[in-house]
Enquirer: 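If you scroll down you'll find the structure; I have some questions about it.
Naming convention: chains lettered A, B, ... in sequence-line order (proteins, then strands); numbering from 1 in each chain.
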Number of protein chains: 2
Amino acid sequence: MPNMPSEVILDEMENLLNIASDFTRLKIMYAISEREKSVSDIVEEVGASQSLVSHQLKVLRKANLVSTRKEGTRVYYALADDHVIALLNVVYEHVTEE
Amino acid sequence: MPNMPSEVILDEMENLLNIASDFTRLKIMYAISEREKSVSDIVEEVGASQSLVSHQLKVLRKANLVSTRKEGTRVYYALADDHVIALLNVVYEHVTEE
DNA sequence: TGCATATATGAAAAACTATTCATATAATAA
DNA sequence: TTATTATATGAATAGTTTTTCATATATGCA
C-alpha cells in the first residue's frame, strides 16, 4: 500500500499516463515492442496517416519513451526501455483478467 | 515482448489509462490505497473542492476502479482491487527509477 | 540538377475533459 | 417540520489534445 507521492512525482506520473493513454500511441508502442521499425512500417501496421503517426512519434520522443536511429531516408524507432513494456503489460492484464 | 492486442482490448486499455492519467484522480486513488475513506476525508486529503472530488469519484466508479459503501450520510470509497495498485506502482517506478 | 521517396511540422478544425458554480438529493437530529 | 451535514449532479466554462491538411525538409538516385 503506497504512500501519497509528492506533487512533483504525481505530476510526472500524470504526464506518463497521459502519453500512454492514446489509441494511436498505444498501437505505435506495440508495433515497435519486439524490434525497431521505420516510420513507414509503423504507418502501415498502425493503419493511421503518415502525418498522425509522425506527430505521435514526436510526443513519444519528447517523453523519452522511444529512441531513434536514422539510416538514409529512413528513421527507425524503438522503445526506449523495458519500463514501457512493463506498463503495457500491467494495463493489459487489468483489462483482460476479469 | 507482447503482440498487438485487438482493437477492443486497445480501446479498453486506452480507457483505463485515460482514467488513471489525471492529477486529481491519482491523488484520490492514493488517498484510499491503504483503507477506505469517506468523501469528506478524501476532499480534505486531496485538497480539491467537494464537487470536483465527487465528479472524479464518479469517473472512477463508472470504470469499476473503486467500490463504495454507504453508512448513514457518509459514503466510503475503496480501491476495487489490487490491479490498480499494481498500475500505480509501475508508473511510480518508471518515474522515479532513472 | 531535377525527381522521387521518407519523414517532420505548422496551423486549423474537431473532439474531448477538467473544473467551477449553483443546486439537488439524502440522511440525521432537534 | 425545519435545519444541518454529506454527497451527487447538470450546465457552463476554460483549456487541452487529437486529427487532418497542406507543405517543408532531407536523402538518394538518374
Enquirer: Please figure out whether A/Glu71 or A/Phe23 has its closest DNA chain D nucleotide nearer the 5' end.
Expert: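 Residue closer to the 5' terminus by nearest nucleotide: A/Phe23.
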Enquirer: Ignoring the backbone of A/Lys70, work out which of C/dA8, C/dA6, D/dA26 is nearest its side chain.
Expert: D/dA26
Enquirer: In this structure, how many angstroms lie between the C1' atom of C/dA18 and the CD1 atom of B/Ile19, rounded?
Expert: 14 Å
Enquirer: Out of D/dT20, C/dA18, C/dA8, which has the shortest distance to the side chain of A/Arg61?
Expert: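 Between D/dT20, C/dA18, C/dA8, the one nearest the side chain of A/Arg61 would be C/dA8.
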Enquirer: May I ask you to verify if any side-chain N or O of B/Arg74 is less than 4.0 angstrom from the OP1 or OP2 atom of C/dA26?
Expert: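 Negative; the distance criterion is not met.
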Enquirer: Confirm from the modelled atom types if B/Ser51 and D/dT9 form a donor-acceptor pair under 3.5 Å, side chain to base only.
Expert: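 Per atom types, the contact qualifies.
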Enquirer: Find the distance B/Leu52:CG to D/dG10:P and express it as a whole number of Å.
Expert: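 Answer to the nearest Å: 16 Å.
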Enquirer: Measuring to OP1 and OP2 of C/dA8, would you say a side-chain N or O of A/Ser54 lies under 4.0 angstrom away?
Expert: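 Indeed, a polar side-chain atom of A/Ser54 lies that close.
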Enquirer: Let me know which of B/Leu10, B/Asn18, B/Leu17 forms a side chain to side chain contact (heavy atoms under 4.5 Å, CB included) with B/Glu14.
Expert: B/Asn18
Enquirer: Between B/Ser49 and C/dT20, is there a contact of a side-chain N or O with OP1 or OP2 at under 4.0 Å?
Expert: yes
Enquirer: Between A/Lys58 and C/dA8, is there a contact of a side-chain N or O with OP1 or OP2 at under 4.0 Å?
Expert: no
Enquirer: Which listed nucleotide (D/dA8, C/dA18, D/dT9) is nearest to the side chain of B/Leu57?
Expert: D/dA8
Enquirer: Mark yes or no for a side-chain to base donor-acceptor pair under 3.5 Å between B/Gln56 and C/dA18, with no hydrogen or angle criteria applied.
Expert: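 No.
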Enquirer: So, is B/Tyr77 close to the D/dA6 phosphate, meaning a side-chain N or O under 4.0 Å from OP1 or OP2?
Expert: no
Enquirer: Between A/Ser38 and C/dA6, does any side-chain N or O lie under 4.0 Å from OP1 or OP2?
Expert: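 Looking at the OP1 and OP2 atoms of C/dA6, neither is under 4.0 Å from any side-chain N or O of A/Ser38.
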Enquirer: Report the nucleotide, chosen from C/dG10, C/dA8, D/dT7, that has the shortest atom-to-atom distance to any side-chain atom of A/His55.
Expert: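 Given the options C/dG10, C/dA8, D/dT7, the side chain of A/His55 is closest to C/dG10.
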Enquirer: Using modelled atom types only, decide if a donor and an acceptor are shared between the side chain of A/Arg25 and the backbone of A/Ile19 within a distance under 3.5 Å.
Expert: yes
Enquirer: With a 4.0 Å cut-off on N to O distance, would you call B/Lys27 and A/Glu7 a salt bridge?
Expert: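 Salt bridge flag = yes for A/Glu7 with B/Lys27.
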Enquirer: Would you say B/Thr96's side chain and B/Tyr92's backbone share a donor-acceptor pair under 3.5 angstrom?
Expert: yes
Enquirer: Base, sugar-phosphate, or nothing for A/Asp22, non-hydrogen atoms under 4.0 angstrom?
Expert: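 Sugar-phosphate, no base atom in range.
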Enquirer: For A/Lys27 and D/dT19, what is the distance between atoms NZ and C1' respectively, to the nearest whole Å?
Expert: 14 Å
Enquirer: To the nearest Å, how far apart are B/Leu60 CG and D/dT7 P?
Expert: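 Rounded to the whole Å, the gap is 16 Å.
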Enquirer: Between atom CG in A/Asp41 and atom P in C/dT5, what is the gap in whole Å?
Expert: 16 Å
Enquirer: Determine whether a donor-acceptor pair (N or O, by modelled atom type, separation under 3.5 Å) exists between the side chain of B/Ser54 and the backbone of B/Gln50.
Expert: no
Enquirer: Between C/dT19, C/dT7, D/dT7, which nucleotide gets closest to the side-chain atoms of B/Ser40?
Expert: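 The listed nucleotide nearest to B/Ser40's side chain is D/dT7.
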Enquirer: From OH of A/Tyr76 over to P of C/dA8, roughly how many Å is that when rounded to an integer?
Expert: 13 Å
Enquirer: Quiz question: by atom type and distance under 3.5 Å, do the side chains of B/Ser49 and B/Ser51 form a donor-acceptor pair?
Expert: no
Enquirer: Separation of B/Leu17 atom CG from D/dT17 atom P, in whole Å?
Expert: 16 Å
Enquirer: When you measure only distances, ignoring hydrogens and angles, does the side chain of A/Gln50 come within 3.5 Å of the base of C/dA6 through a donor and an acceptor?
Expert: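 By the distance-only test, no, there is no pair.
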Enquirer: Write down the distance between CG (B/Asn18) and P (C/dC16), rounded to a whole number of angstrom.
Expert: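 Interatomic distance, CG of B/Asn18 to P of C/dC16: 11 Å.
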